[in-house]
Structures are given as structure tokens and as C-alpha cells.
Participant: 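Take this structure, written in C-alpha cells, and hold onto it; I'll ask about it next.
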Amino acid sequence: MSESYRRVKGTRDLLPPETAVWAAVEATARSVFGRYAYREIRTPIIEHTELFVRSVGESTDIVGKEMYTFADRKGRSLTLRPESTASVARAFVENGMTSWPQPVKLFYIGPQFRYERPQKGRYRQFHQIGAELLGDASPLADVELLLMLNRFLQELGFEDLVVLVNTVGDEASRQAYRASLVGFLTPRRDALSEDSQRRLESNPLRILDSKSPGDREQLEGAPELHDSLTPEAREHFDQVRAGLDAQGMAYRVENRLVRGLDYYTHTVFEIVSEGLGAQDALVGGGRYDGLVAALGGGAVPGIGFAIGEDRLLDVLPESFQRRFVPASPTTVVAVGEVSPMAALALAEELRSQGVECIAELTTRSLKSSMKRADRHGVERVLLLGEEEMESGRVTLRDLRSGRQGVVLRDRLAAVLTSDDFYEIVNPGPSGPEGEEER
RNA sequence: GUGAGCGUAGUUCAAUGGUAGAGCCCUGGAUUGUGGUUCCAGUUGUUGGGGGUUCGAGUCCCCUCGCUCACCCCA
């Protein structure tokens, strides 16, 4: 085992055939999001560190301890994006999308980076599929976004996911609640966990979803965020729920759900899955009506979500994976005195007609070539020997059935792309040992 | 950053402190142009790295690195 080079901690190599499943998942996202007229945006994976500090929030864990930050050659502080909403908002402002027809609907697919200790479902380089809707403050925008998310997950075959929804209200609601929560918890400060004591000052709302049993106990009888909502915030959330109900979408109101990023307002949501271990959040998202303004872009409301693609693939239903088994290629083998060059030429001819094939480029025994084709999972082999070269035909063997026939070279592509190709094959004599074993 | 468990061939795993092995995988072959089963042959290791104890260490001790899971937090 050579130890010279290893993956960077927390990164991983995605290999075939699994990469085909990733591509299929991404194709499904493009298809579903496209039906809602979302268009793809590609932002850089590096940004000025300040962008994330400003948008995600100084008191958050992401900024406080999880950013992959480094200095470039001129000493500027750059950060590998820990999430993409900030980048999208930045791009929105920087490219003058405020003057595009509103709302602007964008989706992205790509790697994100957080400097954390890796564990199940958590990597330093992970992948998100996300969507952002900018310029529509309507509660029905929240509803439609959730429906789109739901549709995507349904098309992947998910059935048992739990959608958690909550509201954190507008700025006024949050301030009022923050004061009331701090007032309630301060006398109990000493009973809180160390982390929560710190959060009492930096980000008290986060204490709400603390996993510590002690903290849970202290939260008994704590004021409810819903009681601090302004009438407008309450109205917004009521309408979101009414919309979801009207569309028959299943969800659960989880009033302790508080998301970790500072920019969230009003609706927040999370989708969790069993089977992911401790990191069970598959999707997170919410409304961020103040973010664009904070980045200097004016009062443009926004809402979006991010799907953890790595986690998604961990629990992807088999029903979906089965639909994307890649087609098996055909192998072309030169036989006897025929040069592998002829196999290459035939393969090229077929490829130009849309046939997926492998050319056997090394001269070896036919037995060996057949064995290799079989091990590559090939189902059809084309044999090109002296007889075939002279007659302008090719011997086609189906490895699954063991059936074999002779096909005119000109007809090959048509036969190979046909579903029941061997029905078309000139039945002729079957192979030397012709018997079918399967 | 904290804690626990684990590091032997590409892979899954063996080896009472006494010569580092097996299955799988991979490569070739079993006479003429036919795969899967079978048979034969072959390649692969500084036992993660360093130090210590010992006549002798894959095995015991220490350090270090890596992996995994959990905490924190999140996708």
C-alpha cells in the first residue's frame, strides 16, 4: 500500500458506477426544477471571506469554526464556500438581477466546503443541490418552493421523509422573542450546558434545538416563539400552512425548529430521514427577506433550500437506482489474422451511428477476448474474422442467451439499437456450442 | 476542538511472542474462431510510520499519522 498520496481529509472519490446514479439524481433535479422555470446558476467555489461573515452571520458555527479559509498570494482572505445562498445573493446583486423580471428563480448543483471532523454523512467537501427564489414575498412562493422540493423527492422515490416547518418571524418578532427567551433563561443560566450558556449571549434562539437533556429540561415552560410573532409574521405563516394544506402536502409544524444561519426570516424548514445516523438532515432551507439588502442590493425578499446530495444518495430508494442501470456496451473483436485495426474501424463506424461499443485493441486469443468481454459486463460481441471481412458481414453473439447470428455490416447499427435484436438477426446456425445456458 | 473504536495484499479477513497466509478480484493458459462453471499457473505487502521491551514483535508498551463513529453543529 503506497502511502505517498492520499485524499485530503474529509474528501472522497466518487467512482463509477455510482457516479451514474449521481448524474441521474442531478438530471432529475434539472428536470423538476425546470418545470418550475428555475434556471441554473454557477457561482465560484471561492469567495471573499467577508461575504460569508456578513451574510451567514458572525455568531454562527459555520463562520465561527467551520470555514475553509486561507490567504491567497496577495494576502487576501478567501473562503471555500460553506453554502451557496450567500454566493447566489451576491451574484444577484453584482449582476444587476434586481432589474431582471421578478421574481428570479435559480438553482445550483455543486460542492461546498466546511472544515469539520468528518463523520457519517458529513464531509469537508460535500455536495448540495439548491434552489433560490428571489423577489417574491408571497407566502404562496414558500408553498410553491416546498411543493417543488417535494416533487423532486417524490420522483426519486422517497416515501417516508418528514418535512418539518416552522417560522422564526420577521425581525421585530425575533427581537421580541429573543428578549423574552433571554429573560426566561437567564435565571436558569447555571443549569444550562456550557454551549448553551455561551449561546445565551451570542445566539439564544439556538438553545431551543439543543440536544442536551439538561437543556431540554430547562426549556420546559419557556416562552413560545409563536407568542411573540407580529400579526404580519403570524399571517404569513398561517397562509403558508393553508397553502400546503390546500395542496395536500404532508408536513409537521415543529416549533422548536430554529435554523443555524442568521439570515433566516419567517418560514424555515428541514427534511429529515431515518437511516442517516446522527446527521439526519437531508434538506434545510427558509426565507431570507433581509439578505439581499444586507449585501447592498435593496429590499429583495428571498427563499431557498439546500439538499445534501451526499446524504440523499445514502438513503436513495433502490427503486430509483434500478431505473438508471447504464446500458451494456458491445465489444468488437478481430479474429484470426484480422488486425485489431479492423475492430477499431468497425467500432468507430458504429459509434458514429450512436452505438456504445468497446474495441478489443490487443491481439489475444478469441477465448481470452470473450472472457474479457464477459467480465466487462458486455452483452453482445461482434466477431470480425476473415470470413466476415470477405462477405461484408459480422458475427453477432448475444452473451446472455448464447444465441449467435450473422448480420450485414450495413444493418449492424439498426440491429444493435433494436430492443429485440436477435429476432432480426438472420437466425442461421447458432454458435459452435450453440446451447443456451440461461 | 473533545471522546471512543480500528489500522495486515486491490478487497474481505487469518496468523498461542517463533518462516506473513487464505478466499475473492486481477492477468495468462487448458493446441485450429467462442465467454459464464471447472482446472492450472502467476502478480501484489517496508503488517500505516517511528521508537522501546525481547534471543525473537503483525502480536506487548509509548509516540505519531490515518480511518470510522459520536459530541458540537449542520447538508
Side-chain angles (χ1 to χ4, degrees), chain A residues 1-4 6-10 12 56 59-66 81-85 110-130 193-196 198-199 203 206 209-212 215 258-261 270-273 276-285 305-315 331 333-338 360 362 364-388 395-404 430-438:
Chain A
M1 180 188 312
S2 169
E3 290 291 334
S4 358
R6 301 187 49 86
R7 294 182 310 251
V8 169
K9 186 199 262 299
R12 51 191 190 145
V56 175
S59 67
T60 62
D61 280 5
I62 289 180
V63 169
K65 57 182 194 187
E66 296 170 4
R81 64 181 183 200
E83 58 114 45
S84 281
T85 301
Q112 318 287 336
F113 304 82
R114 290 183 199 171
Y115 196 91
E116 302 176 87
R117 286 279 283 270
Q119 69 185 70
K120 184 177 173 59
R122 170 186 293 162
Y123 309 98
R124 287 187 175 180
Q125 176 177 341
F126 60 105
H127 302 81
Q128 288 185 333
I129 299 175
S193 67
E194 219 174 287
D195 285 320
S196 288
R198 200 175 330 112
R199 285 190 284 232
N203 203 343
R206 295 224 48 85
D209 58 10
S210 167
K211 285 180 189 167
S212 150
D215 289 351
V258 180
R259 314 233 61 253
L261 283 53
E270 198 167 291
I271 297 181
V272 297
S273 163
L276 278 174
Q279 315 304 323
D280 64 352
L282 205 55
V283 182
F305 61 75
I307 303 164
E309 198 176 0
D310 307 76
R311 293 180 185 178
L312 189 74
L313 269 107
D314 267 356
V315 291
T331 284
V333 181
V335 180
E337 298 305 308
V338 176
E360 176 63 83
T362 302
R364 40 166 52 91
S365 71
L366 178 56
K367 193 184 194 69
S368 175
S369 293
M370 293 294 287
K371 188 179 288 186
R372 287 160 54 82
D374 187 56
R375 288 179 182 173
H376 277 287
V378 164
E379 288 173 4
R380 299 158 188 186
V381 175
L382 298 177
L383 300 182
L384 208 49
E386 284 90 347
E387 292 166 27
E388 287 86 350
T395 297
L396 165 55
R397 183 178 178 81
D398 177 67
L399 295 190
R400 282 178 308 178
S401 66
R403 294 185 66 156
Q404 181 167 318
S430 44
E433 293 113 20
E435 67 274 11
E436 299 179 13
E437 294 177 8
R438 297 207 321 182

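Bear in mind that the values here come from a model prediction, so they are computed numbers and not experimental data.
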Participant: With respect to the side chain of A:Arg364, which nucleotide from B:U27, B:A75, B:U68 is positioned closest?
Facilitator: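 Given the options B:U27, B:A75, B:U68, the side chain of A:Arg364 is closest to B:U27.
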
Participant: So what's B:U54 paired with, Watson-Crick or G-U wobble, going by both distances under 3.5 Å?
Facilitator: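 B:U54 is unpaired by these criteria.
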
Participant: Between P on B:U68 and NZ on A:Lys9, what's the gap in Å once rounded to a whole number?
Facilitator: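 Going from A:Lys9 (NZ) to B:U68 (P), I get 8 Å.
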
Participant: Begin from the C-alpha positions of A:Glu337 and A:Glu386 and carry the test side chain to side chain contact (heavy atoms under 4.5 Å, CB included) through to its verdict.
Facilitator: CA-CA 7 Å; A:Glu337 298 305 308; A:Glu386 284 90 347; 2.9 Å; yes

Participant: Looking only at side-chain N and O atoms, does A:Lys120 come under 4.0 Å of OP1 or OP2 in B:A70?
Facilitator: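 Checking B:A70 against A:Lys120, no side-chain N or O comes under 4.0 Å of OP1 or OP2.
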
Participant: In whole angstrom, what separates A:Lys371's NZ from B:U34's C1'?
Facilitator: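 For the pair A:Lys371 NZ and B:U34 C1', the rounded distance is 12 Å.
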
Participant: For A:Arg122 and B:C69, what is the distance between atoms CZ and P respectively, to the nearest whole Å?
Facilitator: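 After rounding, the reported distance stands at 11 Å.
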
Participant: Calculate the interatomic distance between A:Glu116 atom CD and B:G1 atom P; express it in whole Å.
Facilitator: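 These atoms are roughly 13 Å apart.
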
Participant: To the nearest Å, how far apart are A:Leu366 CG and B:G36 P?
Facilitator: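 That distance rounds to 12 Å.
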
Participant: Grab the NZ-P distance between A:Lys65 and B:C72 for me, whole Å please.
Facilitator: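 So the two atoms are 10 Å apart, to the nearest Å.
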
Participant: Can you check whether A:Asp398's main-chain N or O pairs, donor with acceptor, with A:Arg403's side chain at less than 3.5 Å?
Facilitator: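 No; zero donor-acceptor contacts below 3.5 Å.
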
Participant: Does B:U34 have OP1 or OP2 sitting under 4.0 Å from an N or O in the side chain of A:Lys367?
Facilitator: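 So the side chain of A:Lys367 is outside the cut-off, no N or O lying under 4.0 Å from OP1 or OP2 of B:U34.
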
Participant: Between A:Arg114 and A:Ile62, is there a donor-acceptor pair closer than 3.5 Å when you use the side chain of the first and the backbone of the second?
Facilitator: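 Checking the backbone N and O of A:Ile62 against the side chain of A:Arg114, no donor-acceptor pair under 3.5 Å is found.
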
Participant: What is the pairing partner of B:A70, taking Watson-Crick or G-U wobble pairs with both distances under 3.5 Å in any strand?
Facilitator: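 Across any shown strand, B:A70 pairs with B:U2.
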
Participant: Name the one of A:Leu366, A:Asp374, A:Val333 that satisfies side-chain contact (heavy atoms from CB on, under 4.5 Å) with A:Val381?
Facilitator: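 For A:Val381, the side-chain contact (heavy atoms from CB on, under 4.5 Å) test succeeds with only one of A:Leu366, A:Asp374, A:Val333, which is A:Val333.
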
Participant: Looking at B:G66, B:U34, B:G33, which one has an atom nearest to any side-chain atom of A:Arg6?
Facilitator: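 Of the candidates, B:G66 comes closest.
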
Participant: Rounded to the nearest angstrom, tell me the gap between atom CZ in A:Arg117 and atom P in B:G5.
Facilitator: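 The distance from CZ of A:Arg117 to P of B:G5 comes to 14 Å, rounded to the nearest Å.
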
Participant: Can A:Glu116 and A:Arg122 be counted as an ion pair, charged N to O under 4.0 angstrom?
Facilitator: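 Salt bridge between A:Glu116 and A:Arg122, a charged N being under 4.0 Å from a carboxylate O: yes.
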
Participant: For the side chain of A:Arg375, counting heavy atoms from C-beta on, which of B:A75, B:C26, B:G33 is nearest?
Facilitator: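 Minimum distance to the A:Arg375 side chain belongs to B:C26.
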
